[in-house]
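A short write-up of the structure that comes next.
Scope of the values below: all heavy atoms of this structure, side chains included, with no hydrogens, waters or symmetry mates. Since this is a predicted model, take the numbers as computed values, not measurements. Letters A, B, ... are given to chains in the order of the sequence lines, protein chains preceding strands, and every chain is numbered from 1.
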4 protein chains.
Amino acid sequence: MSDRQQRPLRADARRNRERILHTARDAFAAEGIAVPLDEIARRAGVGAGTVHRHFPTKEALFEEVVREHLEQLTRDVRAALDVEAEAGAAFFGFLARMTAEADAKQDLAEAITAAGSPVGARTEELAAELRELFGSLLLRAQQAGAVRDDVDAADVQAVVVAALTAGRRRDAGDRSGRLARVVFDCLLPRPSGPAGSGA
Amino acid sequence: MSDRQQRPLRADARRNRERILHTARDAFAAEGIAVPLDEIARRAGVGAGTVHRHFPTKEALFEEVVREHLEQLTRDVRAALDVEAEAGAAFFGFLARMTAEADAKQDLAEAITAAGSPVGARTEELAAELRELFGSLLLRAQQAGAVRDDVDAADVQAVVVAALTAGRRRDAGDRSGRLARVVFDCLLPRPSGPAGSGA
Amino acid sequence: MSDRQQRPLRADARRNRERILHTARDAFAAEGIAVPLDEIARRAGVGAGTVHRHFPTKEALFEEVVREHLEQLTRDVRAALDVEAEAGAAFFGFLARMTAEADAKQDLAEAITAAGSPVGARTEELAAELRELFGSLLLRAQQAGAVRDDVDAADVQAVVVAALTAGRRRDAGDRSGRLARVVFDCLLPRPSGPAGSGA
Amino acid sequence: MSDRQQRPLRADARRNRERILHTARDAFAAEGIAVPLDEIARRAGVGAGTVHRHFPTKEALFEEVVREHLEQLTRDVRAALDVEAEAGAAFFGFLARMTAEADAKQDLAEAITAAGSPVGARTEELAAELRELFGSLLLRAQQAGAVRDDVDAADVQAVVVAALTAGRRRDAGDRSGRLARVVFDCLLPRPSGPAGSGA
DNA sequence: GATGAATGAGTATTCATTCAT
DNA sequence: TATGAATGAATACTCATTCAT
């Protein structure tokens, strides 16, 4: 999987790497990409130099956080595709799970969207793979009549981000992503007319 | 209300103030709150000191931009309430108009949500007023059966931000906020069950 | 001459600029390019930001120092060419003057040679102009039989750097560049044979 | 005097030491003293800690490189003194040999001169010894009338550095140290007058 | 009032040195 | 002993804010 390290990292080094990544994930999520690296280092309990040993630049660290997120999503989509379930349930189940997981990662979603997203080639690949797999999941759900036909995978991706954005707004009141699920309702087939029929 | 200015600004001072505000609005929208003040000053064609004369801190400038946005929204909601139209049409018309206006201001919506939103008391007041007015608009639409009952004003606010977020994702393909309207469909009454019935 | 500033700098700004340049010249000469910018700022009595306002990068500051040096040399060569004097005297007089002037600037000569000399286009131009003018001075001296024929302008340039290098070695003992003049003797016509006859 | 090594180094340790020294010599020569120790370690194929085991500080490593250079020069001067040859030939032959050898080591000469040359006592001793031996070589050449009388050993040392400096300037064109030999011509006896007669 | 130069605290990054494995 | 990960001081550069002109 990971071919960047010729030989496995020493135990303590890997521990540090994980701690930095974990701390960075939280920090980026909570405070955006503007959080100082020194602060991340401090919270992770390591020196500033250690952060730079593992992630040569701040962007590299950010990208790694994004990458981990994408990998998790890819695993989730694969699981949803493998499960022998009704297509619509598989689709909305995936959305629901993502929303649930995205507890602390939510702001990350925004960060991904917001920033110029200086993603490297490897990250682009991962994203493309995810898009393709997700496309399959969507198509099956549409063919089963569980999702409206006038949206494509990119639309849904946008809606997902939107749902996360919405869900995040209600820190306390919104139990278990109710608002996110409300937004997902816009993906249901329209009884009578095309999109925007409500206007 | 505003007692910061004892006497009306000189004509040139007011012109400068307007130019700075306008430039800041665009800059914050396009590049986020991280844009340097010097850059805003340069684009507005004034010196850095002039920006600080009108807006003592960067936050103050940002907040003023937010405030103007809120004021515009308040005016729009009032107009929607005043018009003797069908309640659902008024409600969705307002959403559509907001979406359309938010062309370049979209990133601002996010900025507002994203940042710690260091809003002052005056801004809070404005927001509260807007919430109340908007609540009326929503209630009327719900009473007319045009909007599902299980959402409140805060939910809708979140959905609006979500719609803007979604709409922004599709730079080229999304003509005239189609995606935003798709998201708004989630506000329509559910034919059969409660929110989240799709899962 | 200087076309970088649209309008003349304010009096205090120009004063600061001059002080920074002067301080940098001494600092680079005495301690090489490794001297911290903060140190230069401190010695010049300005803040670090002020140095960066006038010279966006450290390299830019270094290059400006080099440029000033080149300009001075160019002026000197021009003067040597204009004077209606015996060609050999003009040539060696120029060398002697350069040596004398180069009191504190000597280490600079080395710095110029030593570093990768990240010189910009404008500096290259200046250097080319200097080379051409100096070539004329040399040619006249050679035609007058005052300088050996088997060296070209680039050789002499190298010898000059060498002479400065040599002269610098003897901090106390070497009065008025005696050692530099010794080195310059290698440029005199050889009585009998070609270069390297001494080996 | 040197009590750092109680017992002879283990074979592999000595091999490492030699590799580090050799790598450092090349690195300092090519890129100056600013080259990172990590880089030297990497090129030598050892860990950073190993460099520090053999040379406690970077300066210590640098000084050791200088010391080796001085030792080589001392051997060369001794050889020149021992050879029963004409004094002038011995002297200039030594200079020529040094120049030839100094192919890649040239930048080192400069590094030695340039840096504050933080040489320790042991290095000072070596340098003193070299100076004395070299003084003998010079004196014999002067007594034989092969070298001008108005220079002393320190002058010549400076001229040597100057020659190396000059020779380095002409990357391609200067075959086999021609320019260095030109500079050495300044050491020949002046036909008529004192040093600097050309001015 | 307007200008833009000066300030200086803050940030990412490098690197000599130390230390756990 | 060797390794290379960790440290943290140092350094170039940015930018909000202040102030002289």
Using heavy-atom distances to pick each residue's nearest nucleotide on DNA chain E, tell me which of A:Glu39 and B:Asp12 is more 5'. B:Asp12

Starting at the 5' end of DNA chain E, which residue's closest nucleotide do you reach first, B:Arg14 or A:Pro56? B:Arg14

Nearest listed nucleotide, side chain of D:Ala13, among F:dA6, F:dC13, F:dA2: F:dA2

Of the listed nucleotides F:dA6, F:dT11, F:dA2, the one nearest the side chain of D:His54: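 Comparing F:dA6, F:dT11, F:dA2 against the side chain of D:His54, the answer is F:dA2.
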
Minimum heavy-atom distance [X]-[Y], with the two atoms named:
{"X": "C:Val51", "Y": "C:Ile20", "answer": "CA-CD1, 3.9 Å"}
{"X": "B:Ile33", "Y": "B:Phe28", "answer": "CA-CD2, 3.8 Å"}
{"X": "B:Ala24", "Y": "B:Val65", "answer": "CB-CG2, 4.0 Å"}

Quick test of your reading of the model: are B:Arg67 and B:Glu64 salt-bridged, counting only N-O distances below 4.0 Å?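 Here B:Arg67 pairs with B:Glu64 in a salt bridge, since their nearest N and O are under 4.0 Å apart.
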
Identify all stems in which DNA chain F takes part, counting only runs of at least 3 consecutive pairs (Watson-Crick or G-U wobble, each distance under 3.5 Å), and give each as one range with another, ordered by first number.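 Stems found: E:2-21 with F:2-21.
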
Looking at B:His52, I'd like to know whether one of its side-chain N or O atoms comes within less than 4.0 Å of OP1 or OP2 on E:dG4.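 For B:His52, the contact criterion (side-chain N or O under 4.0 Å from OP1 or OP2 of E:dG4) is not met.
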
What is the distance from [atom1] of [X] to [atom2] of [N], rounded to the nearest Å?
{"X": "A:Glu18", "N": "F:dA5", "atom1": "CD", "atom2": "P", "value": "15 Å"}
{"X": "A:Leu61", "N": "E:dT13", "atom1": "CG", "atom2": "P", "value": "10 Å"}
{"X": "A:Arg42", "N": "E:dG10", "atom1": "CZ", "atom2": "C1'", "value": "15 Å"}
{"X": "D:Ile33", "N": "E:dA16", "atom1": "CD1", "atom2": "P", "value": "10 Å"}
{"X": "A:Phe55", "N": "E:dT14", "atom1": "CZ", "atom2": "C1'", "value": "18 Å"}
{"X": "B:Ile20", "N": "E:dG4", "atom1": "CD1", "atom2": "C1'", "value": "14 Å"}
{"X": "C:Lys58", "N": "F:dA10", "atom1": "NZ", "atom2": "P", "value": "15 Å"}
{"X": "A:Arg19", "N": "F:dA5", "atom1": "CZ", "atom2": "P", "value": "17 Å"}

How long is the straight-line distance from OG1 of B:Thr123 back to NE2 of B:His69, given to the nearest 0.5 Å? 13.5 Å

Which value, rounded to the nearest 0.5 Å, describes the distance between A:Glu68 atom CD and A:Leu21 atom CG?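 Taking CD in A:Glu68 and CG in A:Leu21, the distance rounds to 5.0 Å.
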
Each nucleotide N or O in nucleotides 7-9 of chain E that has a protein N or O under 3.5 Å away: list the pair and distance.
| unit_1 | atom_1 | unit_2 | atom_2 | d |
| --- | --- | --- | --- | --- |
| E:dT7 | OP2 | C:Gly47 | N | 2.7 |
| E:dT7 | OP2 | C:Thr50 | OG1 | 2.7 |

Residues 40-49 of chain B, side-chain donor-acceptor partners within the protein, below 3.5 Å, at least two apart:
| unit_1 | atom_1 | unit_2 | atom_2 | d |
| --- | --- | --- | --- | --- |
| B:Arg42 | NH2 | B:Glu39 | OE2 | 2.8 |
| B:Arg43 | NE | B:Glu39 | OE2 | 3.0 |
| B:Arg43 | NH1 | B:Glu31 | OE1 | 3.3 |
| B:Arg43 | NH2 | B:Glu31 | OE1 | 3.0 |
| B:Arg43 | NH2 | B:Glu31 | OE2 | 3.1 |

Checking A:Thr57, A:Leu61, A:Leu37 against A:His52 for side-chain contact (heavy atoms from CB on, under 4.5 Å), the one that qualifies is A:Leu37

Which residue, C:Leu37 or C:Arg15, contacts DNA chain F at a nucleotide closer to its 5' end, judged by nearest heavy atom? C:Leu37

When you measure from the side chain of C:Lys58 to the backbone N and O of C:Val35, does any donor-acceptor pair fall under 3.5 Å?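 Here the side-chain-to-backbone pair exists.
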
